[in-house]
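What follows is a single structure, written as structure tokens, with notes after it.
Just the heavy atoms: all of them, side chains too, but no hydrogens, waters or symmetry mates, feed the values below. Here is how names work: the chains are called A, B, and so on, in the same order as the sequence lines, proteins then strands, and each is numbered from 1.
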Amino acid sequence: MKNIALGQYYPARSPLHRMDPRIKLIIAVLYIVAAFLCKNLLGFALLAASVVLLVILSRVPLKTVLGSLKMVVFILVLTVAINIFLTKEEGAEPLWSFWIFEVYTKGLYSALFIALRILSMIIGTCMLLTYTTTPIALTDALERLLSPLRHLKLPVHEFSMMMSIALRFIPTIMEEAEKIMAAQKARGAGFTEGNLIKRIKSLIPILIPLFASVFRRAFELATAMTCRCYRGGDGRTRMTTMRMHAMDIIVLIVSVAALAGIVSCNYWNIGYTL
Amino acid sequence: MAEFIEIKNLHFSYGKEESKQQDDVLCGVDLTVRKGEYVAILGRNGSGKSTLAKLLNLVIDDLENASGEILVDGVNILSDDMTEDMAFELRKKVGMVFQNPDNQLVATVVEEDVAFGPENLGLDPKEIRRRVDEALDTVGMSEFAKREPHRLSGGQKQRVAIAGVIAMMPDCIIFDESTAMLDPVGRKDIVATMEKLNREHGITVLTITHYMEEAVRADRVVVLNHGKIAIEGTPEQVFSDAGALRAAGLELPQCAQLIEELIKSGMSIKECGITPEDCARIILLAGGATCQ
């Protein structure tokens with residue numbers, strides 16, 4: 001249990017790992033926008049090429065990357081099937097038909113595009129964010145990016161503090177849950193028998209002590225934080241200052257240009273346009 | 001040496017007014033701690049020792065129930081015109097280390113956690129960096145700076161917690177049963193760190209414990225019982241009075257117990273030894289005497 005990894009972070013030394021997390025966040029947003037605006041084959045080809053580039057730059061092994069896609073395989077297959085079989089094209093001959101299903105060229109293309117869109121979005125944002133940035137650096141970057149919003153009285157600092165404390169306590173509380181489970185097992189509790197309702201009920205003797213302990217921890221932590229002069233985000237400084245390097249700016253400019261390129265592909269009818 | 005903490009006739013109870021009289025947690029405590037002193041506060045469960053510690057940092061429920069005076073560096077922290085800013089200044093001067101190391105660490109990286117206090121003080125990033133490195137070095141945890149706290153042992157976590165307090169450069173550190181959850185090795189580490197902070201860095205140390213062995217190293221020992229000071233003096237004085245200690249619900253340190261048993265079984269020993277070194281010397285001397 002002591003070895004659980006938080007998130008999917010893959011420790012390595014790569015250009016992507018070194019990048020300013022704030023820039024990575026902005027690029028990830030641009031990336032998602034690009035994936036949605038893409039309408040024709042050339043655009044998607046560019047998008048796919050950028051995914052490949054990101055994977056190479058991140059130095060994360062291909063196996064790990066593909067492993068992260070397991071969860072979306074079902075959604076992917078479903079959307080592809082729906083697009084292939086349920087897209088109707090007015091005034092065109094179906095390529096193939098069976099019972100109520102008719103397959104048109106448009107359907108094939110829209111299935112291909114939607115698959116590329118989902119895949120590139122997931123792989124792209126994973127490469128930029130979860131694989132190459134620690135969760136704590138991410139919350140930190142989010143806080144710094146959103147910090148102008150505090151003038152609108154939005155609790156930006158408090159939110160990121162909550163996030164980082166949650167991240168800090170995940171392993172501690174998991175360890176505790178295991179201890180409580182072991183203690184309840186020693187008293188004859190079973191968690192793996194019976195139907196669903198019975199199993200859910202058998203979790204109650206774990207959840208109640210766990211909640212009680214989490215509240216106790218929260219109070220103690222609050223006291224300890226008060227003793228360490230914590231009084232919210234006002235007047236607080238940070239040890240690590242995030243510094244943008246020239247490289248980060250260049251990457252950002254290139255990414256904006258790439259987005260513009262992908263979007264402008266929509267205006268030239270190159271390849272198939274949906 | 002100048003007085004750093006002066007407690008005068010301190011009364012305290014938890015809860016509402018009505019039930020106040022019966023269960024006073026502290027009833028008339030007078031205590032003075034000088035600058036640079038190393039004081040151990042002993043007492044059995046429910047003797048009010050942790051309450052006293054929390055009062056010194058104003059982190060307690062029902063604070064309005066406190067009466068009497070607590071002067072910290074000349075400021076009465078129980079006075080009505082104590083503002084939040086003054087409490088902030090107080091916590092800057094008096095740091096606290098608690099019992100459970102897990103519930104004091106805020107960040108997911110050791111050095112980030114140590115930086116938490118100085119960051120709250122609004123210091124310059126370079127100054128924070130310097131203090132963090134220094135504090136980690138003082139507690140001997142420099143090589144763990146980039147580690148995740150949940151992968152450390154209890155004693156190591158507690159050392160990180162101490163570093164977090166040192167980095168704020170307080171005049172005084174209160175250890176509220178900071179060794180109670182540790183294994184013997186971890187406990188030894190922490191006691192050694194306390195001693196080092198006091199002797200080498202001149203920090204006033206107030207340690208609250210129910211392990212006698214820890215109190216042996218202090219300049220002065222204060223025994224609390226039922227919210228009152230029962231015994232006060234140097235470790236030698238306090239631990240030579242086994243009767244008074246037992247009345248306060250405490251046992252002698254193991255070395256003193258050994259000497260006591262030896263005297264009972266007829267060995268002619270006149271002095272009292274509380275550290276293993278003293279003990280060895282006394283037994284050797286007594287043994288030599290009976291051989292002659």
May I have the step-by-step check of side chain to side chain contact (heavy atoms under 4.5 Å, CB included) for B:K92 and B:L121, ending in yes or no? CA-CA 8 Å; B:K92 228 156 104 175; B:L121 299 181; 3.4 Å; yes
Give, as side chain, backbone, both or neither, the part of B:E89 having an atom under 4.5 angstrom from any heavy atom of chain A. neither
Name the option with the most non-hydrogen atom pairs under 4.5 Å to chain A; the candidates are B:I128, B:V109, B:V132. B:I128
For chain A, which candidate among B:V59, B:V165, B:L105, B:N100 shows the most heavy-atom pairs at distances under 4.5 Å? B:L105
Considering only heavy atoms, which portion of A:F169 lies under 4.5 Å from any heavy atom of chain B: side chain, backbone, both, or neither? side chain
Leading residue by heavy atom contact count with chain B [cutoff under 4.5 Å; candidates A:G233, A:C227, A:G235, A:A224]: A:C227
Does any donor atom in the side chain of B:D85 or B:T83 lie under 3.5 Å from an acceptor atom in the other side chain? no
Taking the cut-offs as 6.0 angstrom to the six-membered ring centre and 45 degrees off its axis, would you call B:R34 and B:F4 a cation-pi pair? no
Do B:T179 and B:E214 have side-chain atoms, one donor and one acceptor, less than 3.5 Å apart? yes
Please tell me whether A:S50 and A:Y31 have a donor and an acceptor in their side chains that are separated by less than 3.5 angstrom. yes
Checking A:M225 against chain B: side chain, backbone, both or neither under 4.5 Å from a heavy atom? both
Interface moiety of B:F98 toward chain A, non-hydrogen atoms closer than 4.5 Å: side chain
Identify which of B:L123, B:V94, B:N57 forms the greatest number of heavy-atom pairs closer than 4.5 Å to chain A. B:L123
Heavy-atom pair count under 4.5 Å with chain B, highest-scoring of A:R217, A:E220, A:R216, A:M161: A:R217
Regarding A:S213 and A:E176, do their side chains bring together a donor and an acceptor under 3.5 Å, going by distance alone? yes
Quick one about B:Q158 and B:Q104 (side-chain donor to acceptor, distance below 3.5 Å, no hydrogens or angles considered), yes or no? yes
